[in-house]
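Accompanying notes for the structure given below.
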Amino acid sequence: QKSHQVLISYVNCHIVDTLNPWPTNLLHYQVDASNAITLQHPIKELKPLYSRQQKVEVLQSGNVLFSQGRYTYPMRQNQLLDLVQHPSDVIAQQQVENGGIYLGLYKQDHYGGVLFFPNEQSLQSDSAVTYLKDFSITTILEDRKKGMWFGTNANGIFYLTNPSVKIYNQAFGLADDFVTALTVKNEEEVFIGTNGGDTYLLNGSSQELTVLSPNTVEVFDLAYDTTTGWLWRGSHIGMQYYNGSSWHSVDVPDHGAIRGHKKFRIYPTGEIYGSSSGVYGFATYRTADGYLLYSTHGALHLNNRIFCTYKDFDGRLWVGQTDGLFEIINNERVVPDHVHPSFQLRVEEITQLADSTLVIGTKGAGVLLWRDTQLLQIDESKGLTANMIEKIHIDATQQIWVGTLYGLNRITRAEDGQVQVQRFTISDGLPSNEITEIASTKKILWVATTKGLAQLPIQDLLPESPPSLPMIDQVIINKQ
């Protein structure tokens, strides 16, 4: 022991592990001529440890994790906490930054691969996730993007994208990978709609999936009203709501029928707005009973493709159409006071930040941040994955999430007015780069794609700090 470091070495000069710092009075070793390690304390449950199979790691809690053969021994202050048996010998182990523990197994008797435990406590349960079960895992490494690298015995290197990302698709139990609609019920539950027409309630904590209603047509959008507890659904067959026990179709006069509702917006005034990218314009319903309050049906100048609607904090109603952004005043389209060429492009999304800045998603000009006479354009030149915007979502911390067909983006505004764009793609764990919907709670970001739904802890998506600049001590050219 020297400077609180312990090196376990053997007669053949192999160094097995380094612990720094070493907990005081935790464990001591004695190595004999046969390379066997004997623990010098009264724990009799431990079998003799042999150098070629033994692994030691100090965990974040200060406990020590020993692995030898098929067993791991979590220990605290000379006390054995448990003895956990695994399918085959543990030959690699690593605790990562978020507290998860990976164990690399030697393949024998058809068992091998990586065991992942979400935390130290789960070592004593059956909650492990298995990866690469057909290989012997010799090395484990976590990179700065939370991705995991696994070295194998004679089978090369494998990479696992951020394992904290949970994917829900057909393999999980959905009838369709193509998730078209998404809305949050509470901190743990979300409603999901698919291209095939099914609607689900998913609990992200318990992983419980409930089928609310099979359908025959694509679900265009979902919106959950926290006041009534109703779930609204739009599709080609019209507006429906689910009151917790059964589905009900909204009964409207034929002249006011709207089909293909998308981009739902529920307001504290007890109204829900639904737009249509077809030829039906938009309509407004009363959330208390589904009564049709307003429809553009019959208003020829409005009865065309309206991709989104938004009523701002001042009560002004904005719509996005093929030929740009407009305000609706007395059933008339009014061009915005601030004239900008991007306002004449197709507008796909409109929402608003807490400081009243309108956030506008366009087809071709990226994202526009507009407040009074100030306009900021954020496009591919500033880091967006694409200028063709599909979805925009603002989370509880006023982060702007932007979905495109080429990945997910987060826009962060600084006090000096500058913006930072952070990209997320399949290389970060998303099932697809084609984003169809975005929703969030305080801790979780939900991202719907054409190949499944992703659940991402927001904490793991914080902007990365730039790496420290390297210090160059010496330069050698042609051996000089």
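All residue numbers refer to positions in the sequence shown, counting from 1.
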So, the side chain of [X] versus the backbone of [Y]: is there a donor-acceptor pair under 3.5 Å, distance only?
{"X": "T362", "Y": "G366", "result": "yes"}
{"X": "Y200", "Y": "A175", "result": "yes"}
{"X": "S88", "Y": "Y106", "result": "yes"}
{"X": "D372", "Y": "Q374", "result": "no"}
{"X": "D355", "Y": "T357", "result": "yes"}
{"X": "R423", "Y": "L384", "result": "yes"}
{"X": "E142", "Y": "K146", "result": "no"}
{"X": "D176", "Y": "G197", "result": "no"}

Identify the two heavy atoms, one from [X] and one from [Y], that lie closest to each other, and give their separation to 0.1 Å.
{"X": "A448", "Y": "V179", "result": "CB-CG1, 3.5 Å"}
{"X": "V219", "Y": "D198", "result": "CG2-O, 3.9 Å"}
{"X": "S440", "Y": "L445", "result": "CB-CD1, 3.9 Å"}
{"X": "N169", "Y": "G452", "result": "CB-CA, 4.2 Å"}
{"X": "I400", "Y": "L369", "result": "CD1-CD2, 3.9 Å"}
{"X": "Y168", "Y": "Q207", "result": "OH-NE2, 2.9 Å"}

To the nearest 0.5 Å, what is the distance between [atom1] ([X]) and [atom2] ([Y])?
{"X": "I350", "Y": "Y310", "atom1": "CD1", "atom2": "OH", "answer": "9.5 Å"}
{"X": "S342", "Y": "L375", "atom1": "OG", "atom2": "CG", "answer": "7.0 Å"}
{"X": "I91", "Y": "T139", "atom1": "CD1", "atom2": "OG1", "answer": "8.5 Å"}
{"X": "L231", "Y": "L201", "atom1": "CG", "atom2": "CG", "answer": "9.0 Å"}
{"X": "T194", "Y": "Q170", "atom1": "OG1", "atom2": "CD", "answer": "9.5 Å"}
{"X": "T322", "Y": "E348", "atom1": "OG1", "atom2": "CD", "answer": "9.5 Å"}

Would you say the side chain of [Y] lies within less than 4.5 Å of the side chain of [X], judging by non-hydrogen atoms?
{"X": "P87", "Y": "L115", "value": "yes"}
{"X": "T351", "Y": "R265", "value": "yes"}
{"X": "L222", "Y": "E437", "value": "no"}
{"X": "V447", "Y": "L456", "value": "yes"}
{"X": "L358", "Y": "R316", "value": "no"}
{"X": "K391", "Y": "W401", "value": "no"}
{"X": "H338", "Y": "F343", "value": "yes"}
{"X": "L59", "Y": "I101", "value": "yes"}

Check whether more than 12 heavy atoms from other residues, nucleotides or ligands sit under 6.0 Å from atom [atom1] of [X], and answer yes or no.
{"X": "I157", "atom1": "CD1", "answer": "no"}
{"X": "K363", "atom1": "NZ", "answer": "yes"}
{"X": "L353", "atom1": "CG", "answer": "yes"}
{"X": "D143", "atom1": "CG", "answer": "yes"}
{"X": "Y242", "atom1": "OH", "answer": "yes"}

Exercise for the section: Could you list all the side-chain hydrogen bond (donor to acceptor under 3.5 Å, both in side chains) pairs where at least one residue sits in residues 376-387, not counting sequence neighbours? Expected result: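 Of all non-adjacent pairs touching residues 376-387, those that pass side-chain hydrogen bond (donor to acceptor under 3.5 Å, both in side chains) are D379-S381, T385-T404, T385-N409.
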Residues [X] and [Y]: side-chain donor-acceptor under 3.5 angstrom:
{"X": "S67", "Y": "Q93", "result": "yes"}
{"X": "E390", "Y": "T436", "result": "no"}
{"X": "D225", "Y": "W232", "result": "no"}
{"X": "T228", "Y": "T287", "result": "no"}
{"X": "E271", "Y": "T269", "result": "yes"}

Handout entry: Steps toward side-chain hydrogen bond (donor to acceptor under 3.5 Å, both in side chains) verdict (S235, E218)
Key = CA-CA 6 Å; S235 68; E218 174 187 354; over 6 Å; no
Handout entry: salt bridge (charged side-chain N to carboxylate O under 4.0 Å, His left out) between K263 and E349, worked out
Key = CA-CA 8 Å; K263 306 291 179 65; E349 283 275 65; 3.7 Å; yes
Parallel, tilted or perpendicular: which describes the rings of [X] and [Y], with under 30° parallel and over 60° perpendicular?
{"X": "F282", "Y": "Y273", "answer": "parallel"}
{"X": "Y241", "Y": "W230", "answer": "parallel"}
{"X": "F116", "Y": "Y131", "answer": "tilted"}

Practice task
Identify which one of I167, D177, L202 satisfies the side chain to side chain contact (heavy atoms under 4.5 Å, CB included) criterion when paired with L453.
Solution key: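 The passing option is L202.
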Practice task
Determine, using ring centers only, whether F135 and F158 are less than 6.0 Å apart.
Solution key: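 Centroid distance F158-F135: below 6.0 Å, so yes.
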Exercise for the section: In plain terms, say whether E187 and K443 are close enough for a salt bridge, that is, a side-chain N and a carboxylate O under 4.0 Å apart. Expected result: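 No, no charged N to carboxylate O under 4.0 Å.
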